[in-house]
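Letters go in sequence order (proteins before strands), and every chain restarts at 1. Heavy atoms only: backbone and side chains are in, while hydrogens, waters and symmetry mates are out. Keep in mind that this is a model prediction, so the values were computed, not measured.
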Number of protein chains: 6
Amino acid sequence: MERTDGRTTNQIRPTTIETNYIKHPEGSVLISVGDTKVICSASIEERVPPFLRGQGKGWITAEYSMLPRATEQRNIRESSKGKVTGRTMEIQRLIGRSLRAVLDLEALGERTVWVDCDVIQADGGTRTASITGAYVATALALTKLVNEKKIEKLPLQDSLAAISVGLDSERNVLLDLCYEEDSAANVDLNVIMTGSGEFVELQGTGEEATFTHQELLSMLASADSGIKELIAIQQQVLQLVNETDGEEEK
Amino acid sequence: MERTDGRTTNQIRPTTIETNYIKHPEGSVLISVGDTKVICSASIEERVPPFLRGQGKGWITAEYSMLPRATEQRNIRESSKGKVTGRTMEIQRLIGRSLRAVLDLEALGERTVWVDCDVIQADGGTRTASITGAYVATALALTKLVNEKKIEKLPLQDSLAAISVGLDSERNVLLDLCYEEDSAANVDLNVIMTGSGEFVELQGTGEEATFTHQELLSMLASADSGIKELIAIQQQVLQLVNETDGEEEK
Amino acid sequence: MERTDGRTTNQIRPTTIETNYIKHPEGSVLISVGDTKVICSASIEERVPPFLRGQGKGWITAEYSMLPRATEQRNIRESSKGKVTGRTMEIQRLIGRSLRAVLDLEALGERTVWVDCDVIQADGGTRTASITGAYVATALALTKLVNEKKIEKLPLQDSLAAISVGLDSERNVLLDLCYEEDSAANVDLNVIMTGSGEFVELQGTGEEATFTHQELLSMLASADSGIKELIAIQQQVLQLVNETDGEEEK
Amino acid sequence: MERTDGRTTNQIRPTTIETNYIKHPEGSVLISVGDTKVICSASIEERVPPFLRGQGKGWITAEYSMLPRATEQRNIRESSKGKVTGRTMEIQRLIGRSLRAVLDLEALGERTVWVDCDVIQADGGTRTASITGAYVATALALTKLVNEKKIEKLPLQDSLAAISVGLDSERNVLLDLCYEEDSAANVDLNVIMTGSGEFVELQGTGEEATFTHQELLSMLASADSGIKELIAIQQQVLQLVNETDGEEEK
Amino acid sequence: MERTDGRTTNQIRPTTIETNYIKHPEGSVLISVGDTKVICSASIEERVPPFLRGQGKGWITAEYSMLPRATEQRNIRESSKGKVTGRTMEIQRLIGRSLRAVLDLEALGERTVWVDCDVIQADGGTRTASITGAYVATALALTKLVNEKKIEKLPLQDSLAAISVGLDSERNVLLDLCYEEDSAANVDLNVIMTGSGEFVELQGTGEEATFTHQELLSMLASADSGIKELIAIQQQVLQLVNETDGEEEK
Amino acid sequence: MERTDGRTTNQIRPTTIETNYIKHPEGSVLISVGDTKVICSASIEERVPPFLRGQGKGWITAEYSMLPRATEQRNIRESSKGKVTGRTMEIQRLIGRSLRAVLDLEALGERTVWVDCDVIQADGGTRTASITGAYVATALALTKLVNEKKIEKLPLQDSLAAISVGLDSERNVLLDLCYEEDSAANVDLNVIMTGSGEFVELQGTGEEATFTHQELLSMLASADSGIKELIAIQQQVLQLVNETDGEEEK
């Protein structure tokens, strides 16, 4: 079976991560997953929200947005509407929770990491691309804290990536759905996993449909292979940055 | 191992569903799951939202709220804040999606079912209790449509219930978490299933923690047994209503 | 003349007050006045709003809301609209002012009593039922403060109840209007009085109509008799709670 | 007993009504009641709100606002806050209801009268001054409709005025309270009456205090005499306008 | 060429400034520029916004609003809309910036001047009339500070006035546009200048049109003459107040 | 005199315009002016806002936003605040007005062009870069309409570019201010001009300062030279696109 863009059912889209994409944030990337492009930035603030003050630990929080014309049809800006939609809230809460699962908040110290994921072009999987990119932006920002001797070592317990997997109308398992596939899918499962292969979040949804235990296992197996590829791309990109930094210091 | 309220790890809380709890809605229940109490009502509106007009199919949507003092600490009303929180949006989107998975929207015709889940007392699991109760309220409202000859038969493809299952700090699987257990849990998995045992939604979250593939399977097995018990309670309650209605008609 | 529900013109609806209806608030009741049902809760907060700090006196404030399907037609939630309607504001300001007339704020000390009145089923007179119920919930919460030795004696100067009275299209005085009567009434007068028979608030409104001095006097006389009955019900309920508490302590 | 501004207990403040104060509205006045000054305007719109369409009757609605520095302390604008306060809503609902009691909505035809009451200087009694002024502005706007032959005769069933009366701390009845008196009063009663002496609205409030049946009667008697004076001033002003118009036509 | 109101192209409208128009603000005026009438008030607050605390300097800020029926068509109140329009924001930012250009913030000390410009009747040029009036209201409020010995001398570096100038469809330069002229103009230039003839703000806009360098120079020359007239009126008014104050003190 | 980045006083920053930067909009560019980078997109909607319906002419409107970390300090999102700031409104109104000055709305037909300017990296001059980029994005979108034969020829009457010019504290005229220069400038003048050298908008502001007629002339001369350079860059970019399109068609 061939997919609309020629991929096999178990193949991820071409994925690239361009580091330090914008100059002001402590860490930033442009992640491209097929035609989905997200600017992820990580900003360090030297204080924590009120509910955490004086506890010696840090915080990480995320915001997510789309440019109005990131999509086929132009969307009204949430700032014009005067409120953030339920979909946006759900996504930014998911990104924040996922990052908190791998970040050692005690080791971070009384600091906040603000992660911003701004989708400039959307073609399905914007929330998973945001998480995969946000991990790298966060790692870059934290590396800066280490280089500035503000913390001793990277407060990251593991790496983190996310991917979607779905069932099409003929119950085929498809990995890394593009927008067209996502719209047609009966079931959509977002899987967020660590580099060591544990689950951080699992969000499976039948779109006016349901799925069996066996189908769940097949989707999880496919997601697992995709996550491994994404983790490899992240590691490669981060290693490159570190090597370049090393050379620059010489 | 004994739980704070004396239950075994795989035991659900005492669950009752009182039908026709308030008089105006087409269907309503008060569901009690331990100390969690939710008024669920289903209202029928004889028209659909603009995006569905003229397509001959219906819609179901849900809203969720808590009384300010449903909880140990009083919460500020969302109407006073002037906006609905991300948590509320996430929950009401979940309830609506779940119900759409078992409702035959074509058979419903151009009508909207408005489901309201108002938590009057909270002790953990309010979203899952809301779904389990909302299914019954919806079934009651739809039965009324059938009795009024507006539709031929119940447009429900299956029954629907929801339960939470978690991992405590010693990695025990606990079914149907109360608030105290939920606060202490490392992992929290909300499972929404049909009467025929298929998944509708799966939302697993590590709270600053992760979980393995094996732990996922253990949690799913426990949830499966809990869902079966809930479905049985729902069927019993709905049968009673039908019998009473039958007698009244004689 | 017989009313739609068989009452005489000067007869109040069957009224019951169920105490400690929900478990978290310091005081709570479910008040039923005919088919109008309101959950009233009183929460104690050990601080006062900024404008009262350091003055050694307390505060009491009220919020009022209706479940969307408390009424014949479903109402849009105020949290969805993003603002509280004028009607709601008027009612919650009225409840708060009325309670302040009988509460000794100095004797309360630097505490706030938050009163929440949530209408779960509406059939006219929801604001007056809220006040009558709120008084009992507040008395229960304050009794708890006394039992916990936080204050010496109940800081209540008098009891408090509220009732509506109206003129129908034939200028009959009707006591305790249900929704159907209220909709048809030409004049509607809400009377809030103390146990010793003094006025706390008086809100008389001609609905595209006016009323004479003599009609006002007739309505006040009718309201006075209704208030006496409500005060008696409140006293009975509160005495019962005190006796039960007394027995429990033995 | 002498009052702070030298008046007797039963004496109203110097009251003037300047007609056609601003040029665009169909009717407008500047009413001055002592140092309280309100611009009242009445605008005619040739259509009704959706809920009245096609019923052949009109509508009248009111809005009320204060300039930020109408008061001793500057108030934050409601437009800056992003919402209208409960006090404002209560007042504008009161003004609208009062006017509806004397306006014949059928005779008005499918039109809306928008009444705007903008307080430019406040010294107590702004809501009652607004009603007294709004009646004149409305009468002027409706006269214009008659002059333009859009309606046959003035759709006003009676005239309308409003005044406050209160009890001071020594239980004296004081008519037409200025701000200083209002702040110190124990009881505040707003009385809205027609030219023929019937009540339209009655709003009596004990400010952390109560009042007896006898005190109510004394306050109503005082209000009655004040209303008569205000009605006389209104009639004189409206007659003057009509005479001037008559002369201009010659 | 004659204008709609008989003025020459280079003639300003009749302009009057009535001082101390309302009693509560430290300084206030009613400025009338033709049929445009604006109440400008200046309120002194003895503290500065958070971003300026402890820096020994003051702040001046402005708010602008229109009564709903200041205009030919009634406008919806911004408080009802729940937000301030872009036009209002632009104007109030302009008024504030303009005043800051002539006010010595250090000499003012840690105080805030709140300027409120409320248009009660609009006939074009409301923003420029607001600035011209706001300067006088501010000067009056600051004079009061001097009289109360809170500051040594007036912290004003220069006087300030504003005027509009435009190009009509035949490219004539028109000074001080009324509403009808403004609506028909191709180009609209708002000029804010000091008494010594320097520019504070220049806002030139082609309304679906453009303008040449030469036309700009002609408009600036016309504006310059208008500003000089307005400054003279301001000086005369302020001198009168000072003389009256001087006499009163004797 | 040398500037912080080595430019002469009359030299613009390196400016590039990358066309068709994102795939969904009918026209889009990434404009870079020094370190200021803005994504400008133009979307065509086949209908006009209600106030223009049935008049046979089109509309163009603009929105402007910044990514939270486009700046040195992270800004709170306007969607989180629930409202658009005054600065944003001012800028997007300016962009829209400027484009309307060169677009032939009749020739456009009943269509709306939505222009979105999203600043992804800010270093001063974001509003002028937005206008310069928006013109190109709009030209690309309109060209698409021509190519699709929806309109006969480009409905653009002229080209359009914008630049800032300022006075530093030593009264030097500086062209195209970067953020550091802008913050230190006494006077800031934004100039929007057409390709034929006419003014579209002129916004000159003294930042707690003023400027003379002579200084205005010097600033305008400098702006004029900068605009000419920007227009040349735009023309080159648009020609390239047309040539490529031409080749592709062959």
Checklist entry - Looking at E:Glu215 and E:Arg171, does any basic side-chain N land under 4.0 Å from a carboxylate oxygen? => result yes
Whatever's closer than 4.5 Å to a heavy atom in chain F on E:Leu103 counts as neither
Turns out that what part of F:Thr85 lies under 4.5 Å from chain E's heavy atoms comes down to backbone
Applying a strict 4.5 Å limit to non-hydrogen atoms, the region of F:Arg93 in contact with chain E is side chain
Counting heavy-atom pairs under 4.5 angstrom with chain E, the leader among F:Gln157, F:Gln92, F:Met89, F:Lys83 is F:Met89
Residues of residues 190-205 of chain F with a heavy atom under 4.5 Å from any heavy atom of chain E, in residue-number order, are F:Thr194, F:Glu198, F:Phe199, F:Val200, F:Glu201, F:Leu202, F:Gln203, F:Gly204, F:Thr205
Bottom line for E:Val102: the part with an atom under 4.5 Å from chain F's heavy atoms is neither
Okay, F:Leu217 and chain E: the region with an atom under 4.5 Å from a heavy atom over there is side chain
For residues 61-76 of chain E against chain F, heavy atoms under 4.5 Å, the residues are none
The interface call for E:Leu94 against chain F, heavy-atom contacts under 4.5 Å, is neither
Turns out that what part of E:Leu189 lies under 4.5 Å from chain F's heavy atoms comes down to neither
When the 4.5 angstrom heavy-atom criterion is applied to F:Val187 and chain E, the contacting part is neither
